[in-house]
**Student:** 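This structure is in structure tokens; I'll ask about it shortly.
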Number of protein chains: 2
Amino acid sequence: MKIGELSKVTGCSVQTIRHYEKEHLIASAERSEGNFRLYDEAAVEQLLFIKHCRSLDLSLPEIRQLLALNRSPGAQCDDVNRMMDRHIEQVEARIQELTRLNEQLRMLRRSCSNRRTVEQCGILRNLSATPVSSG
Amino acid sequence: MKIGELSKVTGCSVQTIRHYEKEHLIASAERSEGNFRLYDEAAVEQLLFIKHCRSLDLSLPEIRQLLALNRSPGAQCDDVNRMMDRHIEQVEARIQELTRLNEQLRMLRRSCSNRRTVEQCGILRNLSATPVSSG
DNA sequence: ATAAACTCTATAACAACTATAGAGTCAATC
DNA sequence: GATTGACTCTATAGTTGTTATAGAGTTTAT
Ligand SMILES: [Zn+2]
Ligand SMILES: [Zn+2]
Ligand SMILES: [Zn+2]
Ligand SMILES: [Zn+2]
């Protein structure tokens, strides 16, 4: 299987696959006589694993760590858990941050009722005022 | 006022201020005899405006647009409103996305109860399985 | 005169891709 | 056998909003 087919099968772009190889998320593929990368089913599996992780916003270094653990099946999985906990924390922190932001944005948006000139625009006036101290 | 003082007063780093100048968010500062940038109170105001916008996650192009509108006080402020609406939409979309993500992460996290070996780790097993189709 | 603290420009790094350019490979057609 | 088209290769730059350098120049104080 050449890289184009792997791309179709997995839904990862060709460049992304090459990028993952350069970043050592997948092993360097064997090459054909004409220097084309060649892949097998194992590559499909691994790429889908990576894609799944990415869909959960895990970073490439985090995924690299998970892949390494996956390769040493005897190890304890405390490391995996710690990583997941930290990652979940960060996601939740980001949600809180965006939620606070959203409230401020909606409040700001309410301060303009269209059809005004910029001069009287509550949005711009509020943006010009000293920002709300936000931690 | 030189750039270091402006930085202290506004809380923007020196590099950030130079960056904003390059990106035309603030006008090119006048220079001293020794080629140092010189600022006045208006620069402080404008930088605080930008900082306030950034704290709301408005992008630099968006801020550039707001600043331009601010400079033409006769214009209608429909543009401002449209931008804010779009921005709010995006923030809310991101919140939803992260919330869904968070649920999946927590579910995944529950599939491992520590002290197991990686081989039996529910997290890694689930990550290896075909991802949940997520729109 | 010299040192410390500041400023200048230009450039690279960050994350995770995406998009080019320019060259090479392969299969099929004429 | 030459040409076309689809594919692949490497290398490089762009995305976003900073942050961090390097190496040089300026100002202020001692
Ligand atoms: Zn993470
Ligand atoms: Zn308005
Ligand atoms: Zn926006
Ligand atoms: Zn586990």
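These figures come from a predicted structure and were not determined experimentally. Letters go in sequence order (proteins before strands), and every chain restarts at 1.
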**Student:** Look at the side-chain N and O atoms of A:R18 and state whether any lies under 4.0 Å from the OP1 or OP2 oxygen of D:dT12.
**Tutor:**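 No, because none of the side-chain N or O atoms of A:R18 sits under 4.0 Å from OP1 or OP2 of D:dT12.
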
**Student:** So, are B:E62 and B:R86 salt-bridged, with charged N and O less than 4.0 Å apart?
**Tutor:** no

**Student:** Using whole Å, what does the distance between atom P of nucleotide C:dA15 and atom NE2 of A:H87 come to?
**Tutor:** 15 Å

**Student:** Does B:T16 make a side-chain N or O approach to OP1 or OP2 of D:dT18 shorter than 4.0 Å?
**Tutor:**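 For D:dT18, OP1/OP2 do not have a side-chain N/O of B:T16 under 4.0 Å.
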
**Student:** What is the separation between atom CD on B:E23 and atom C1' on D:dT16, rounded to the nearest whole Å?
**Tutor:** 9 Å

**Student:** Could you check which of C:dT18, D:dT10, D:dT21 has an atom nearest any side-chain atom of A:Q15?
**Tutor:**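 So the nucleotide nearest the side chain must be C:dT18.
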
**Student:** Out of C:dC17, C:dC26, D:dT19, which has the shortest distance to the side chain of B:S13?
**Tutor:**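 Output: D:dT19.
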
**Student:** I need the CD-P distance between A:E62 and C:dA16, as an integer number of Å.
**Tutor:**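 Value for this atom pair: 8 Å.
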
**Student:** So, is B:Y20 near the phosphate of D:dG17, with a side-chain N or O under 4.0 Å from OP1 or OP2?
**Tutor:** no

**Student:** Using only side-chain N and O atoms of A:R54, determine if any of them is under 4.0 Å from OP1 or OP2 of C:dC17.
**Tutor:** yes

**Student:** Within this structure, what is the CD-to-P distance between A:E33 and C:dA27, rounded to whole angstrom?
**Tutor:** 10 Å

**Student:** With nearest nucleotide decided by heavy atoms, which residue, B:G34 or B:L60, maps closer to the 5′ end of DNA chain D?
**Tutor:** B:L60

**Student:** Of all heavy-atom pairs between B:N102 and A:E92, which one has the smallest distance, and what is that distance?
**Tutor:** ND2-OE2, 3.1 Å

**Student:** On DNA chain C, nearest-nucleotide positions of B:K22 versus B:E5: which is more 5'?
**Tutor:** B:E5

**Student:** Does B:R31 put a side-chain nitrogen or oxygen below 4.0 Å from OP1 or OP2 of D:dG25?
**Tutor:**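 So the side chain of B:R31 is outside the cut-off, no N or O lying under 4.0 Å from OP1 or OP2 of D:dG25.
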
**Student:** Roughly, in whole Å, what's the span from CG in B:L38 to C1' in D:dT27?
**Tutor:**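 About 13 Å, once rounded to whole Å.
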
**Student:** Does A:S7 reach the main-chain N or O of A:C12 with its side chain, forming a donor-acceptor pair under 3.5 Å?
**Tutor:** yes

**Student:** A:L6 has an atom CG; how far is it from atom C1' of D:dT8, in whole Å?
**Tutor:** 14 Å

**Student:** Just how far, in rounded Å, is P of C:dT25 from CZ of A:R37?
**Tutor:** 15 Å

**Student:** Using heavy-atom distances to pick each residue's nearest nucleotide on DNA chain D, tell me which of B:F36 and B:L58 is more 5'.
**Tutor:**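 It is B:L58, whose closest nucleotide lies nearer the 5' terminus.
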
**Student:** Would you mind checking if A:R82 and A:D79 are paired as a salt bridge, meaning a charged N to carboxylate O distance below 4.0 Å?
**Tutor:**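 Answer for the salt bridge query: yes.
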
**Student:** Inspect the contact between B:E97 and B:R94 and indicate whether a charged nitrogen and a carboxylate oxygen are less than 4.0 angstrom apart.
**Tutor:**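 A salt bridge is present here (some side-chain N lies under 4.0 Å from a carboxylate O).
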
**Student:** Taking CG from A:D57 and C1' from C:dC17, how many angstroms apart are they, rounded to a whole number?
**Tutor:** 13 Å

